[in-house]
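Each chain gets a letter, A, B and so on, in the order the sequences are listed, and its residues count up from 1. A quick note: this is a predicted structure, and the numbers were derived from the prediction, not measured.
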Protein chains: 2
Amino acid sequence: MEVTINETQANTIQEKVKTFFDPNNHPAGFCPVKDVVDRIGDKWSLLAILNLGYGERLRFNQLKTQIEGISQRMLTVTLRSLERDGLVNRYVYAEVPPRVEYELTPMGEKLLVKVWELADWAIEYKAQILESRAAYDKKAAKKTRS
Amino acid sequence: MEVTINETQANTIQEKVKTFFDPNNHPAGFCPVKDVVDRIGDKWSLLAILNLGYGERLRFNQLKTQIEGISQRMLTVTLRSLERDGLVNRYVYAEVPPRVEYELTPMGEKLLVKVWELADWAIEYKAQILESRAAYDKKAAKKTRS
DNA sequence: CTGGATCCCGTTGGATACTG
DNA sequence: CAGTATCCAACGGGATCCAG
């Protein structure tokens with residue numbers, strides 16, 4: 001399952017970087033890169049997307065339970081934001097007590113796939129990252145002590 | 001270039017979600033998902049990785065110029081953090097004036113590929129997202145006025 | 001040129017209480 | 001149950017000055 005990067009692939013991405021960061025390619029002050037970073041760069045959006053998963057509608061409290069540590073407020077805010085961007089659908093049932101369900105839109109599911117590839121990366125290199133951190137901290141500690 | 005999600009793919013990811021979020025699979029309180037979110041979830045890490053790109057070493061000020069809007073402080077902080085996690089190498093030359101160069105490690109390059117797939121998603125759906133936002137805001141405004 | 005140290009402000013986000 | 005409203009602490013991150 002090792003991913004190898006060949007020359008061609010590298011050049012393709014290299015090229016993308018250049019065109020993507022050229023201000024002429026996004027004149028309206030809307031840089032898609034920054035935008036995607038902002039979208040996923042908050043504390044909870046990615047976790048919400050991952051927990052929504054495929055095909056099933058989840059209720060508010062189901063999500064709240066699944067996403068460990070999220071507050072009610074932040075779940076609401078996060079879901080609203082995702083809904084605004086067209087990544088999740090929100091279904092409100094006129095019942096008492098109220099029932100609200102959420103699901104990923106097709107666009108959101110496409111994003112989910114990409115996000116899981118990121119997660120795969122994290123799994124693959126988890127040990128190496130922890131190791132690197134430990135080594136770095138050890139060296140830093142030694143430097144401070146001397 | 002349309003990405004289609006088939007049943008098998010969906011089930012695979014579904015399964016991953018379950019195993020990944022099962023506390024028994026990461027007992028030491030270290031959840032790889034949360035960790036990767038934290039890693040990329042800050043304002044500048046992704047942009048730094050994207051700008052580092054493949055194979056070339058970049059100097060501090062080159063990066064500072066390329067990453068529009070980043071402050072000196074945050075570039076330093078971000079690069080240190082990436083170095084600590086083993087995603088970038090840092091080369092210091094004993095010169096006057098000093099010269100410091102950065103490059104992605106192999107592990108960092110693997111991440112770069114994933115990140116660019118995210119960026120691809122952003123490009124593909126950029127218009128749709130903006131449209132969705134506009135529609136959402138329009139509806140919200142109407143509701144407020146009434 | 002690179003980047004550490006400090007100061008300081010705006011935003012994020014948690015806790016809590018209240019509503020349809 | 002699924003929110004909204006308010007308050008407030010913590011933190012991110014910009015500006016500035018200083019140093020090797």
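With hydrogens and angles ignored, the 3.5 Å screen pairs no side-chain donor or acceptor of B:Thr105 with any backbone N or O of B:Asn89. In this structure a side-chain-to-backbone donor-acceptor pair under 3.5 Å is present from A:Ser132 to B:Arg84. Within the 3.5 Å criterion, the main-chain N or O of B:Val77 finds no donor-acceptor partner in the side chain of B:Ser81.
Counting only heavy atoms from C-beta outward, the side chains of A:Leu58 and A:Gln66 approach each other to under 4.5 Å. Here the side chains of B:Ser45 and B:Ile40 are not in contact, with every heavy-atom distance at 4.5 Å or above. The closest side-chain heavy-atom distance from B:Thr76 to B:Phe60 is below 4.5 Å.
The only option from B:Arg99, B:Arg59, B:Glu103, B:Glu101 that meets the side chain to side chain donor-acceptor pair (under 3.5 Å) definition with B:Tyr91 turns out to be B:Glu103. Across B:Ile70, B:Ile49, B:Asn51, a single residue satisfies side chain to side chain contact (heavy atoms under 4.5 Å, CB included) together with B:Trp44, and that is B:Ile70. Considering A:Leu104, A:Leu52, A:Leu87 as possible partners of A:Leu112, the one that fulfils the side chain to side chain contact (heavy atoms under 4.5 Å, CB included) test is A:Leu104.
DNA chain C lies under 4.0 Å from no heavy atom of any residue of residues 79-89 of chain A.
Each end of the helix from C:dC1-D:dG20 to C:dG20-D:dC1 gets its own axis from five base pairs, and the two axes differ in direction by 50°, given to 10 degrees.
The interatomic distance linking B:Asp38 (CG) with C:dG13 (C1') rounds to 14 Å, in whole Å. Whole-Å rounding puts the B:Arg59 CZ to C:dG3 P distance at 10 Å. Rounded to whole Å, the distance from CD on B:Gln62 to C1' on C:dT2 is 13 Å. The distance between atom CG of A:Leu75 and atom C1' of C:dT12, rounded to the nearest whole Å, is 16 Å. The CG-P distance, from A:Leu47 to C:dG13, rounds to 12 Å in whole Å. Between B:Asn61 atom CG and C:dG3 atom P there is a gap of 9 Å when expressed in whole angstrom units. Separating the CG atom of A:Leu63 from the P atom of D:dC1 is a distance of 14 Å, rounded to the nearest angstrom.
A single hydrophobic cluster is not seen to contain both A:Leu111 and B:Tyr136; linkage of ILVMFWY side chains at heavy-atom distances under 4.5 Å, directly or through other members, places them apart.
A:Lys43 and B:Asp38 are not joined by a salt bridge, as no carboxylate oxygen comes within less than 4.0 angstrom of a charged side-chain nitrogen.
A sub-4.0 Å separation between OP1 or OP2 of D:dA2 and a side-chain N or O of A:Tyr91 is absent. At the phosphate of D:dG20, neither OP1 nor OP2 sits under 4.0 Å from any side-chain N or O atom of B:Tyr93.
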Exercise. What string of B, S and - do you get for nucleotides 14-20 of chain C 5' to 3' if you count protein non-hydrogen atoms under 4.0 Å?
Worked result: BB----B
